[in-house]
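Nothing fancy with the numbering, it's 1 onward along the sequence.
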Amino acid sequence: TKEALQDSERLLRQIAENYPNSYLSIIEKDFKVGFSSGQEFSNRNLDPQDFVGLDIADVFGDKTDIVRSNYKKAFSGEEQIFELSINGQHQQYRAIPLFDEDGSVPRILVVVENITERKQATRVLEQAQIELERSVGERTQELAVRVKQVEKLNLAMSNLLADLRTNQHSLEVAQKKLQTAHDQLKEERVHEQAALLNLTQGFLGLNSRKGILSFAVQEAALALEAE
């Protein structure tokens, strides 16, 4: 049994040491650390053996209530996933019940992954998304303003063209009326000139007849005097 336990710990250690940015722990029923190993300890210049035998309260301090609550659920047979921020590092915990043959859970396996870089990348992406949405919103507003300006310009152009068409029509009507008046005046002048000519000719004819009559009278008078 002792050899089997040592083999299991050796296997867990190999798994833990090859799991990037993470570590594995075995938590006993009394909430003490029974085993701990992984790359994350090396990354933090920590010795995982220093944590073996410690109560979780000695490990997590003011975060103990959160950890204990999730571990209790894991001991009840429910796998738990939760996150903690410790010393500026964001960690994701996965507490997995290890069932015994009788169905009890004498210990749980806890896989802890440092997800600080992932969180930072997520925040950067979220900020970029916010900036993009803000930029798109501003461009959309600018475009809406420009569309309204174009619509106003189009309306003004339409009104101007309508006015030009109306003025052109009015001008054409005025030109036609002026031409008609001119033609009428011209025709009236022709009639007036014709009447004046007739009157003049009549007057000249009358004077001619008067001259002939006067000459005849004078000739008759001379003839009487000669007798």
Side-chain angles (χ1 to χ4, degrees), residues 1-140:
T1 303
K2 186 177 181 180
E3 291 180 356
L5 181 59
Q6 290 177 345
D7 289 340
S8 296
E9 288 183 356
R10 190 179 302 110
L11 178 61
L12 281 174
R13 188 172 289 106
Q14 289 177 352
I15 294 173
E17 291 175 354
N18 288 279
Y19 205 93
N21 300 320
S22 303
Y23 70 88
L24 304 180
S25 292
I26 298 294
I27 306 300
E28 303 294 341
K29 192 73 173 181
D30 58 359
F31 294 99
K32 290 184 178 181
V33 180
F35 169 85
S36 199
S37 181
Q39 287 187 10
E40 190 63 14
F41 287 106
S42 299
N43 295 339
R44 302 300 164 192
N45 295 318
L46 298 173
D47 186 352
Q49 294 304 312
D50 292 341
F51 294 88
V52 176
L54 294 179
D55 188 273
I56 61 173
D58 299 325
V59 177
F60 293 102
D62 60 354
K63 308 288 186 180
T64 300
D65 290 342
I66 298 173
V67 176
R68 190 183 301 275
S69 175
N70 283 277
Y71 284 2
K72 280 184 177 180
K73 293 177 181 179
F75 276 113
S76 298
E78 300 176 11
E79 181 178 329
Q80 300 296 308
I81 297 177
F82 61 99
E83 296 180 4
L84 289 178
S85 182
I86 300 176
N87 298 326
Q89 299 297 307
H90 209 78
Q91 298 174 332
Q92 183 183 73
Y93 289 73
R94 183 178 179 184
I96 305 168
L98 299 176
F99 292 94
D100 210 344
E101 292 180 358
D102 60 0
S104 63
V105 182
R107 60 186 57 85
I108 61 175
L109 171 66
V110 180
V111 181
V112 182
E113 182 181 2
N114 190 325
I115 57 174
T116 303
E117 292 183 358
R118 188 191 308 170
K119 284 289 185 179
Q120 292 174 345
T122 299
R123 283 194 291 269
V124 170
L125 289 175
E126 289 175 349
Q127 186 62 35
Q129 180 67 24
I130 292 173
E131 292 296 327
L132 178 61
E133 291 177 354
R134 182 185 60 80
S135 178
V136 170
E138 291 177 353
R139 294 296 300 274
T140 301

Nearest-0.5 Å distance, [atom1] of residue [X] to [atom2] of residue [Y]:
X: Q91; Y: S22; atom1: CD; atom2: OG; result: 9.5 Å
X: E83; Y: K119; atom1: CD; atom2: NZ; result: 4.0 Å
X: L98; Y: F75; atom1: CG; atom2: CZ; result: 8.5 Å
X: I96; Y: I27; atom1: CD1; atom2: CD1; result: 12.5 Å
X: Y23; Y: L46; atom1: OH; atom2: CG; result: 9.5 Å

I'd like to check the side chain to side chain donor-acceptor pair (under 3.5 Å) partners of [X]; sequence neighbours left out, ordered by chain and number.
X: E101; value: none
X: Q80; value: none
X: S37; value: none

field: Heavy-atom closest contact (I66 atom, N70 atom, distance)
entry: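 What the structure gives for the nearest pair is O-ND2, 2.8 Å.
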
Over all atoms of both residues, closest heavy-atom pair of P97 and A74: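 Residues P97 and A74, closest heavy atoms: CB-O, 3.2 Å.
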
message: Test your reading of the model: is there a side-chain donor-acceptor pair from T122 to the backbone of R118, 3.5 Å cut-off?
response: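 Yes.
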
query: Hey, is the main chain of E40 close enough, under 3.5 Å, to the side chain of S42 for a donor-acceptor pair?
result: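 Checking the backbone N and O of E40 against the side chain of S42, no donor-acceptor pair under 3.5 Å is found.
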
Within the 4.5 Å heavy-atom criterion, are [X] and [Y] side-chain neighbours or not?
X: V110; Y: Y71; value: yes
X: Q129; Y: L125; value: no
X: L109; Y: I26; value: yes

field: For F82, ring pair (Phe, Tyr, Trp, His ring centres under 6.0 Å) partners two or more places apart
entry: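 F82 satisfies ring pair (Phe, Tyr, Trp, His ring centres under 6.0 Å) with Y93 only.
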
State which residues pass side-chain contact (heavy atoms from CB on, under 4.5 Å) with [X]; sequence neighbours excluded, sorted by chain then number.
X: Q127; answer: I130, E131
X: N45; answer: none
X: D30; answer: E28, K32
X: T116; answer: Q89, H90, N114, Q120

Within 6.0 Å of CG in D102, more than 12 heavy atoms from elsewhere: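 More than 12 heavy atoms, drawn from other residues, nucleotides or ligands, come within 6.0 Å of this atom.
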
- request: Sort and list the pairs that fulfil ring pair (Phe, Tyr, Trp, His ring centres under 6.0 Å) and have at least one residue in residues 108-132, not counting sequence neighbours.
  value: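 Non-adjacent pairs meeting ring pair (Phe, Tyr, Trp, His ring centres under 6.0 Å): zero.
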
Please set out all donor-acceptor pairs under 3.5 angstrom arising from side-chain atoms of residues 47-63, sequence neighbours excluded.
residue	atom	partner	partner atom	Å
D47	OD1	Q49	N	3.1
D55	OD1	A57	N	2.8

- prompt: Which pairs with one or both residues in residues 69-80 pass salt bridge (Lys or Arg N to Asp or Glu O under 4.0 Å), sequence neighbours excluded?
  reply: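 Applying salt bridge (Lys or Arg N to Asp or Glu O under 4.0 Å) to every pair that reaches into residues 69-80, excluding sequence neighbours, yields E79-R94.
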
task: With sequence neighbours left out, write down each residue that passes salt bridge (charged side-chain N to carboxylate O under 4.0 Å, His left out) with E117, or none if nothing qualifies.
output: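 Residues passing salt bridge (charged side-chain N to carboxylate O under 4.0 Å, His left out) with E117: none at all.
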
